[in-house]
Every structure is written in C-alpha cells, then in structure tokens.
Asks: 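One structure is given below, represented as structure tokens, and several questions about it will come after.
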Amino acid sequence: MVGGIDDVRPLPVAPRLVLQMLAITVAIAALPTDVRFVASIPWWAERLCLLVGLVWFVNLVNFMDGIDWMTVAESGAGGRERGPAGAAGNVSASIDDLAVALLGAMLGFAPFNKPVARLFLGDVGSLPIGLLLGWLLVQLARQRPAGRGLAAAALLCGGRHRHPHSSDRGQRDLLAGASQPFLSARG
C-alpha cells in the first residue's frame with residue numbers, strides 16, 4: 001500500500017521508511033518466538049538486526065527496479081533455487097509454492113521489462129517483492145540451518161546501500177555506456 005501511494009504522490013523518505021518498518025515488523029512478529037538464528041546475541045537484538053536487514057533488502061529490490069531486467073533476474077533466482085530445494089524436501093511445500101509463484105510472476109513480467117523497458121514494477125511492485133524475497137531467505141535460514149550463511153549474506157551484504165542508487169555501480173556503468181543485458185547478467 002505504501003508503494004502504491006508513493007508511486008502516485010511521492011512520500012518523504014522518513015514516513016516511507018517508518019511505514020516499511022511497520023510492515024516488516026508485522027512479518028517478523030509472525031515468526032515463532034522460539035526461532036533463533038544467532039543464539040549468542042539477545043533475542044531482541046537478533047530481531048532488530050532482522051528488521052534492519054529486511055528494510056535494506058526491500059529497498060535494494062526497489063533500487064534494482066531502475067535497471068532493465070535486474071529485478072527479474074534477481075527475483076527469479078530465488079524461485080529458481082527454491083523450486084529444486086522444495087522438490088528435494090529441503091523446505092516446506094508452502095514456502096516452495098511461494099518461491100515458484102514468484103518465479104512465474106517474474107517470468108511473466110520479463111518481456112515487458114526487457115531493454116529498453118516499457119514497464120517497471122514501481123514501488124507498488126518492488127517493495128512487496130523485496131519483502132517476499134527477504135521472507136523467503138528468512139524461511140530458508142529457519143528451515144535449513146545450512147542456509148543461514150546464504151540468507152545472512154543475501155540480507156546483510158551489499159555495497160553502498162545507504163546512498164542513492166544513482167551512485168550505484170550499475171548506474172555508473174550504465175551512464176558509462178554498459179548495456180542493460182550486460183548489467184542484468186552481471187547482477
């Protein structure tokens with residue numbers, strides 16, 4: 001809902017982030033209280049780190065939407081990986097179904113977002129997809145302890161995430177003449 005409003009009438013950054021944090025806090029509250037990822041830190045600190053990581057991840061997906069096929073490539077990768085994991089019994093069927101549905105949605109969106117894109121997700125699409133991808137990573141970490149490292153890396157890594165995406169490496173490369181397909185393939 002925040003994304004839809006922001007697409008029609010841009011919101012200031014602070015209220016937008018507060019509303020995103022509220023939505024993500026609701027998602028985190030859905031986790032059972034006994035679920036722990038890093039037992040060596042207090043429960044509240046772990047949940048706070050999860051909140052910060054998911055806010056960053058949601059906005060990362062939003063930034064990626066500005067590069068043709070980038071969100072398709074990155075979001076589709078989540079579904080592509082989760083489908084075989086679910087088939088092997090490594091994740092629950094409901095989580096696997098979400099991942100495969102996301103893959104299908106991204107494949108359906110891809111023709112409209114190919115270079116030079118005629119359509120972008122906008123905040124109304126990229127923000128919920130970012131939350132869904134982040135939630136899938138949290139579920140991967142929850143259900144498969146071996147997936148915790150992958151989930152932590154995906155949620156917490158990344159270059160200069162505190163700066164506008166116009167200063168992002170991909171945006172600089174695009175301005176320097178790199179092609180959209182090259183940037184999307186590079187990821």
Asks: Return the minimal non-hydrogen interatomic distance between Gly130 and Val58, and the atom names on each side.
Replies: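 For Gly130 versus Val58, the nearest heavy atoms are C-CG2, 3.7 Å.
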Asks: Measuring from atom CZ of Phe57 to atom CG of Leu132, what distance do you get when rounded to the nearest 0.5 angstrom?
Replies: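 Going from the CZ atom of Phe57 to the CG atom of Leu132 covers 10.0 Å.
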Asks: Between atom CD1 of Ile24 and atom CG of Leu51, what is the distance when rounded to the nearest 0.5 Å?
Replies: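 Ile24 atom CD1 to Leu51 atom CG measures 6.5 Å (nearest 0.5 Å).
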Asks: Between Val52 and Trp56, does a side-chain contact (heavy atoms from CB on, under 4.5 Å) hold up when you go through it step by step?
Replies: CA-CA 6 Å; Val52 171; Trp56 171 80; 5.6 Å; no
Asks: Identify the heavy atoms of Asn62 and Ser126 that sit nearest to each other, and give their distance.
Replies: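 Heavy atoms only, the tightest pair is OD1-OG, 2.9 Å.
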Asks: What's the separation between atom CG in Leu131 and atom CG in Asn59, rounded to the nearest 0.5 Å?
Replies: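 So the gap between those two atoms works out to 11.0 Å.
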Asks: Give, for atom CG of Leu22 and atom CG of Leu17, the distance between the pair rounded to the nearest 0.5 Å.
Replies: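 If I round to the nearest 0.5 Å, the distance is 12.5 Å.
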Asks: Report whether Met21 and Val13 are members of the same hydrophobic cluster (ILVMFWY, side-chain heavy atoms less than 4.5 Å apart, transitive linking).
Replies: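 Same cluster: Met21 reaches Val13 through Ile, Leu, Val, Met, Phe, Trp or Tyr contacts under 4.5 Å.
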Asks: Hey, any chance Val18 and Leu50 share a hydrophobic cluster, counting ILVMFWY side chains that come within less than 4.5 Å of each other, even indirectly?
Replies: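 As far as the 4.5 Å side-chain criterion goes, Leu50 and Val18 are not connected within one cluster.
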Asks: For residues Arg47 and Val35, report the shortest heavy-atom separation together with the two atoms involved.
Replies: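 Taking every non-hydrogen atom into account, NH1-O, 3.0 Å.
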Asks: Side chains of Trp135 and Leu31, heavy atoms from C-beta outward: is any pair under 4.5 Å?
Replies: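 SC-SC contact between Trp135 and Leu31 confirmed.
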Asks: What is the minimum heavy-atom distance between Pro12 and Pro15, and which atoms define it?
Replies: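 Reported closest heavy-atom pair: O-CD, 3.2 Å.
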Asks: Nearest 0.5 angstrom please: Leu54 CG to Leu137 CG, how far?
Replies: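 Here the rounded value is 8.5 Å.
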Asks: Any side-chain heavy atom of Ile129 within less than 4.5 Å of one from Met106?
Replies: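 Yes, at least one pair of side-chain atoms sits under 4.5 Å.
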Asks: Just how far is it from atom CG of Leu48 to atom CD1 of Ile28, taken to the nearest 0.5 Å?
Replies: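 That separation rounds to 8.5 Å.
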Asks: Report whether Trp43 and Ile41 are members of the same hydrophobic cluster (ILVMFWY, side-chain heavy atoms less than 4.5 Å apart, transitive linking).
Replies: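 Cluster IDs for Trp43 and Ile41 differ.
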Asks: When hydrophobic residues are tied together by side-chain contacts of less than 4.5 Å, even through go-betweens, does Val38 share a cluster with Trp44?
Replies: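 Val38 does not cluster with Trp44.
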